[in-house]
Amino acid sequence: MRWSQAFIPTLRDDPADAEAVSHRLLIRAAFIRQLMAGVYTLLPLAFRSRRKVRKVIEEELDAIGGQEFLFPSLHPAEIWRKTGRLDVMGDEMFRLIDRKSGEVVLGMTHEEIFTTIATELTSYKQLPQIWYQIHTKFRDEPRPKSGLLRVREFTMKDSYSFDIDQEGLDTAFDAHYEAYKRIFARLDLDAIPVEASSGAMGGSGSVEFMVRAEAGEDLVAHCANCGYAANVETALSRVAAVADEAGPESPERFPTPGVRTIEDLVSFEGGAAADRQIKTLIYVLDGEAALVLLRGDHPLQEQKLQDQTGAMDFRPAHPEEIRELLGADAGSLGAVGVDGVRIVADRALEGRMNMTTGANLDDHHLRGVSVERDVEVTEWADLREVAAGEPCIECAEPIDVFRAIECGHIFKLGTKYSEPLGAMVLDGDGKSRPIYMGSYGIGLERNLAAIVETHHDDNGIAWPVTVAPYEAVITVLRRDAETMEAAEAVYSELLGTGVDVIIDDRDERPGVKFNDAELIGIPYRITIGPRGLADGIVEVTVRKTGETEKVAMDGAAAGIADRIRAERS
RNA sequence: CGGGACGUAGCGCAGCUUGGUAGCGCGCCUCGUUCGGGACGAGGAGGUCGCCGGUUCAAAUCCGGCCGUCCCGACCA
């Protein structure tokens with residue numbers, strides 16, 4: 001490619017409303033332009049990089065026996081109704097009406113649609129199968145943000161495995177796990193596999209591949225000592241036991257005027273330390289009010305509440321609902337004496353005695369509450385969110401909690417989709433059995449953004465060779481006849497070796513060319529100018545390190561080509 | 001969904017308080033001089049001031065409504 005002919009509209013100023021590093025750099029370096037909230041045009045540079053990401057993914061999926069398909073983005077709503085997900089997905093699903101008044105949706109994932117084809121599988125002898133596609137997904141996110149990190153239209157590699165039993169599913173899952181590790185390694189992403197919640201996807205187990213980055217939207221609990229890693233949506237940690245005294249025979253009510261929060265009660269005369277309090281939250285789970293109890297100093301992790309109660313739909317109760325249920329306002333709520341209402345309690349409250357909690361009478365609390373004696377707990381569950389510095393659940397060393405980008409997610413689905421959609425095969429005994437499925441996703445543009453988040457400096461992006469839009473740029477310092485001739489010679493030699501090269505033949509001053517090459521992040525720069533040519537040399541600069549090396553003009557192209565080939569992996 | 005901010009040329013912004021000819025920097029075009037880290041001079045092109053309505057002799061500016069975009073929060077009692 002000749003830069004003079006390329007559409008690479010780099011910007012001199014940072015875009016005003018880009019916050020995340022990758023968002024800012026991808027716009028400025030002419031990779032993307034926004035069309036509307038959460039919808040971006042990929043300019044030629046981004047298209048080239050995405051094509052390389054795609055190739056890496058295809059190679060690794062093919063290597064585990066994956067077969068590539070292309071499924072439609074338009075789906076009949078009916079299929080989604082069959083699995084119950086038309087409702088589960090809610091407003092996140094784009095819906096439209098066709099000319100015959102038919103309900104149509106835009107695909108946000110493809111379990112239902114792949115499974116529809118999988119109904120053509122009839123015998124265990126056809127299994128296992130791994131099917132995938134790389135295609136557009138539509139999700140009407142409530143809040144798109146950070147450039148390509150959270151968008152409403154994006155490209156996803158989604159694969160689905162089909163096996164005769166759980167053991168087969170485990171094998172397919174492990175194969176994906178290993179393939180994903182290879183994919184992220186090739187993309188030069190330090191992705192940590194992490195235990196995760198399965199959310200709306202359902203199923204028995206899932207692993208997220210997380211890349212540590214400030215712009216990330218997830219929190220990961222990670223133990224540097226033993227390697228334990230989990231999304232805080234599921235993460236566990238050890239809780240130091242609190243020594244309780246037995247306390248009184250029964251709870252005692254006492255006035256607490258003006259006390260509204262845990263902290264208020266800590267500093268209130270006659271109150272209690274936060275770890276001696278019971279925090280009472282009111283949630284509406286699938287339309288039913290429920291009490292959620294935690295230790296006073298423990299925050300609720302809402303995803304855990306949803307996962308462990310099996311609620312499809314949940315929200316905190318409104319103030320009126322709270323008053324109607326318990327007869328008091330938030331700040332004075334408690335579970336003592338509450339009957340006929342679902343009470344979900346965090347395990348850290350098991351066996352606790354002589355605690356303090358709200359009395360369900362405004363401005364009053366109860367002390368001397370022993371949880372198991374005084375509260376009708378309907379279910380015990382792990383509900384608390386872990387915090388940095390707590391002892392690791394595995395090895396007791398302090399854990400770290402950091403922000404991360406979810407670059408891939410793999411799920412064991414089991415028969416959640418095969419049963420309602422009738423994807424059955426006959427086993428060796430001639431018995432009809434539902435297929436065991438797994439589903440596995442990677443968002444391509446999000447991965448591009450994650451690479452930028454982790455590969456940049458003050459001058460711009462520094463792409464790894466595997467995904468760089470161009471592997472090398474020839475920066476021509478002067479457009480006089482001799483210099484151009486030498487540059488053209490190196491250019492055609494590099495093209496001949498198959499290197500993805502662009503020659504910067506623009507009528508611009510050297511500084512402009514250097515800055516653009518660094519902003520865009522091309523891994524290797526070959527600088528050719530009259531000064532060096534007088535001695536028969538050109539310069540090779542490595543973007544990542546900034547190191548420059550003078551090499552003989554003869555053989556320069558071959559040398560660069562070798563280095564690039566070695567880094568392609 | 002709640003809260004905050006913003007919308008004027010391709011990009012970054014001023015002008016609005018106090019209504020009267022739409023401006024600056026970068027970028028873009030032409031010519032010349034330059035040319036190893038975002039050059040200089042001269043001359044140019046480019047804008048329904050987000051949209052609709054109202055007030056007024058007159059609206060980027062005042063008033064009302066709508067739309068759009070970004071950021072924060074997602075209720076921790």
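Heavy atoms only: backbone and side chains are in, while hydrogens, waters and symmetry mates are out. Residue numbers begin at 1 in each chain, while the letters A, B, ... track the order of the sequences.
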Take Asp244(A) and Arg352(A) through the salt bridge (Lys or Arg N to Asp or Glu O under 4.0 Å) test and state the conclusion after the steps.
CA-CA 7 Å; Asp244(A) 296 323; Arg352(A) 295 296 306 280; 2.6 Å; yes
Is Leu281(A) touching bases, backbone alone, or none of the nucleic acid, heavy atoms closer than 4.0 Å?
base
When both distances are under 3.5 Å in a Watson-Crick or G-U wobble arrangement, the nucleotide paired with rC62(B) is rG54(B)
Whole-Å P distance, rG41(B) and rU69(B):
41 Å
Return the value, rounded to whole Å, for the distance between atom NE2 of His23(A) and atom P of rU69(B).
12 Å
Could you work out the separation of rG3(B) and rA74(B) based on their P atoms and round it to a whole Å?
16 Å
Paired with rG2(B) by Watson-Crick or G-U wobble geometry, both distances under 3.5 Å: which nucleotide is it?
rC72(B)
Identify, with sequence neighbours excluded, every residue that meets side-chain hydrogen bond (donor to acceptor under 3.5 Å, both in side chains) alongside Asp264(A).
Thr261(A)
Any strand counts, and the cut-off is 3.5 Å on both contacts for Watson-Crick or G-U wobble. Which nucleotide pairs with rG7(B)?
rC67(B)
When the C1' atoms of rU48(B) and rU8(B) are compared, how many Å lie between them, rounded to an integer?
12 Å
Residues that Thr136(A) engages under side-chain hydrogen bond (donor to acceptor under 3.5 Å, both in side chains), provided they are two or more places apart
none
Looking only at the aromatic ring of each residue, does the gap between the centers of Phe31(A) and Trp463(A) stay below 6.0 angstrom?
yes
Nearest-Å distance, CD1 (Ile27(A)) to P (rG10(B))?
16 Å
Starting from P on rC70(B), measure out to CG on Leu149(A) and report it in whole angstrom.
13 Å
Pick the C1' atom in rG46(B) and in rG25(B), then give their distance to the nearest Å.
16 Å
When you check every protein heavy atom under 4.0 Å of nucleotides 25-41 of chain B, what one-letter string (B, S, -) results, 5' to 3'?
BSSS-----BSBBBB--
To the nearest Å, how far apart are Leu291(A) CG and rC76(B) P?
16 Å
With respect to the phosphate group of rG68(B), does any side-chain polar atom (N or O) of Gln34(A) fall under 4.0 Å of OP1 or OP2?
no
C1' atom, rA60(B) versus rC72(B): distance in rounded Å?
30 Å
Is Ile322(A) touching bases, backbone alone, or none of the nucleic acid, heavy atoms closer than 4.0 Å?
base
Can you tell me the distance, in whole Å, between the CG atom of Asp17(A) and the P atom of rU69(B)?
11 Å
Does Arg152(A) or Leu300(A) map to a spot on RNA chain B nearer the 5' end, using the closest nucleotide for each?
Arg152(A)
Output the rounded distance in Å from CG (Leu333(A)) to C1' (rC75(B)).
14 Å
pair_partner(rG41(B)), Watson-Crick or wobble, both distances < 3.5 Å, evaluates to rC31(B)
Touch check for Arg143(A), heavy atoms < 4.0 angstrom, all strands: base, sugar-phosphate only, or nothing?
base
How far, in whole Å, is rA14(B) from rA22(B) if one measures between their C1' atoms?
11 Å
For rG68(B) and rG15(B), measure between their C1' atoms and round to the nearest Å.
23 Å
Pairwise 5' ranking along RNA chain B for Lys145(A) and Ser332(A), keeping only the more 5' one
Lys145(A)
Whether the side chain of Thr483(A) engages the backbone of Gly529(A) through a donor-acceptor N/O pair (distance < 3.5 Å, no angle test) should be reported.
no
Separation of the C1' atoms in rA9(B) and rA5(B), to the nearest angstrom:
23 Å
With both distances under 3.5 angstrom, what nucleotide forms a Watson-Crick or G-U wobble pair with rC13(B)?
rG23(B)
Sorted by chain and residue number, the salt bridge (charged side-chain N to carboxylate O under 4.0 Å, His left out) partners of Asp297(A) (sequence neighbours excluded) come out as Arg295(A)
Taking CD from Glu92(A) and P from rC1(B), how many angstroms apart are they, rounded to a whole number?
15 Å
Between Arg315(A) and Glu321(A), is there a salt bridge with N-O shorter than 4.0 Å?
yes
For residues 468-482 of chain A, which residue pairs pass the salt bridge (Lys or Arg N to Asp or Glu O under 4.0 Å) check, not counting sequence neighbours?
Glu471(A)-Arg568(A), Arg479(A)-Asp507(A)
Please give, in whole Å, the distance from rC13(B) P to Asp14(A) CG?
10 Å
List for me each residue that meets side-chain hydrogen bond (donor to acceptor under 3.5 Å, both in side chains) alongside Asp87(A), sequence neighbours excluded, and say none if there are none.
none
Base partner of rU48(B), which must satisfy Watson-Crick or wobble distances under 3.5 Å
none
Tell me what Thr280(A) touches on the nucleic acid: a base, only sugar-phosphate, or nothing, going by heavy atoms under 4.0 Å.
base
